[in-house]
Trainee: 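Here it is, the structure, as structure tokens.
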Amino acid sequence: MIVETEAYDALDPASHSFIGPTVRNAPMFGPVGGAYVYRIYGLHWCFNIVCDEQAPGSAVLIRAIEPVHGADVMMERRGTTRLQDLCAGPGRLCQALSITGALNAIPVTKAPFTLRLAQGVAVVSGPRIGIRRGLSTPWRFGLEGSRFLSRPMT
DNA sequence: GTATTGATCTTCT
DNA sequence: GAAGATCAATACA
């Protein structure tokens, strides 16, 4: 279950789409529902879902998930058995779910992806993580009280 | 517990 | 050539 996200759009200086379409960020300007997967710091992958038909260049970074199914497989991929360390962080969840650049630009509405809407969850917001001061908009969203966030929402 | 640093690739200057 | 939507190991308190 997705428990933490961050929002980016083309008007946001911290967004990859801010500079306009390039080879790397092309999926952000592609069809809504597409995956945007990019490498960061040379070794981790980050997974976004393209959104907002009315505003090209918009996407949501998935920052943390709560393991509900297949924790055993995730532990094997991540090399840890600590539940809180499995998927709490954009790079970690990609390793846990085996998301790589091979899935870049693929619609998340098709295999190997499956998305379902969560029911009755309370969402809170806060400043984004890892964005330089002044650019961190309050566009981070998390499940209230979740123990599986990459960082507390405060 | 917090702080620091290395890993190592892609993109843009 | 520098910086980055990060993580894990290490050093120290």
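Here the structure is a predicted model, which means the values were calculated and not measured. Reminder, nothing fancy here: chain letters follow the sequence lines and each chain counts from 1.
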Trainee: Measure the spacing between CD of Glu144(A) and CG of Leu149(A) and express it to the nearest 0.5 Å.
Mentor: 11.0 Å

Trainee: With a 4.0 Å heavy-atom cut-off, tell me which residues in residues 22-40 of chain A come close to DNA chain B, sorted by residue number.
Mentor: Thr22(A), Arg24(A), Arg39(A)

Trainee: Main chain of Ala7(A), side chain of Arg128(A): is a donor-acceptor contact present, judged purely on distance under 3.5 Å?
Mentor: yes

Trainee: With Leu143(A), which of Ile2(A), Val121(A), Thr5(A) fulfils side-chain contact (heavy atoms from CB on, under 4.5 Å)?
Mentor: Val121(A)

Trainee: Could you measure the distance from the CG atom of Asn104(A) to the CG atom of Asn48(A)? Nearest 0.5 Å is fine.
Mentor: 9.5 Å

Trainee: Does a nitrogen or oxygen in the side chain of His16(A) sit under 4.0 Å from OP1 or OP2 of dA5(C)?
Mentor: yes

Trainee: Quick check for you: to the nearest 0.5 Å, what is the distance between Phe113(A) atom CZ and Leu97(A) atom CG?
Mentor: 9.0 Å

Trainee: In whole Å, what is the span from the CD1 atom of Ile131(A) to the C1' atom of dA5(C)?
Mentor: 5 Å

Trainee: For the pair made of NE2 in His44(A) and C1' in dG4(C), what is the distance, rounded to whole Å?
Mentor: 12 Å

Trainee: Using a cut-off of 4.0 Å on non-hydrogen atoms, how would the nucleic acid contact of Arg132(A) be classed: base, sugar-phosphate, or nothing?
Mentor: nothing

Trainee: What is the distance, rounded to the nearest whole Å, between atom CH2 of Trp45(A) and atom P of dC7(C)?
Mentor: 15 Å

Trainee: Roughly, in whole Å, what's the span from OH in Tyr8(A) to P in dA5(C)?
Mentor: 7 Å

Trainee: Is any side-chain heavy atom of His16(A) closer than 4.5 Å to one of Cys46(A)?
Mentor: no

Trainee: Using heavy atoms and a sub-4.0 Å distance, could you list which residues of residues 85-108 of chain A are near DNA chain B? By number, please.
Mentor: none

Trainee: Within the side chain of Arg92(A), is there an N or O that forms a donor-acceptor pair under 3.5 Å with the backbone of Leu86(A)?
Mentor: no

Trainee: Nearest 0.5 Å, please: how far is CD in Gln95(A) from CZ in Arg77(A)?
Mentor: 9.5 Å

Trainee: What is the distance from CG of Leu135(A) to C1' of dA3(C), rounded to the nearest Å?
Mentor: 14 Å

Trainee: Just how far is it from atom SG of Cys51(A) to atom CE of Met28(A), taken to the nearest 0.5 Å?
Mentor: 8.0 Å

Trainee: Answer with base, sugar-phosphate or nothing: what part of the nucleic acid does Arg63(A) contact at a heavy-atom distance below 4.0 Å?
Mentor: sugar-phosphate

Trainee: Whole angstrom is fine here: how far is it from CZ in Phe18(A) over to P in dT13(B)?
Mentor: 12 Å

Trainee: Please state how far atom CZ in Arg128(A) lies from atom P in dT6(C), giving the value in whole angstrom units.
Mentor: 11 Å

Trainee: Expected output check: what is the dot-bracket annotation of DNA chain C, where ( ) and [ ] are pairs inside the strand (brackets for crossing ones), | is paired with another strand, and pairs are Watson-Crick or G-U under 3.5 Å?
Mentor: ||||.|||||||.

Trainee: Tell me: CG of Leu43(A) to C1' of dA5(C), nearest whole Å?
Mentor: 14 Å

Trainee: Less than 6.0 angstrom separating the ring centers of Tyr36(A) and Tyr8(A), yes or no?
Mentor: no

Trainee: Under 3.5 Å, side chain of Glu66(A) to main-chain N/O of Ser146(A), donor-acceptor pair present?
Mentor: no

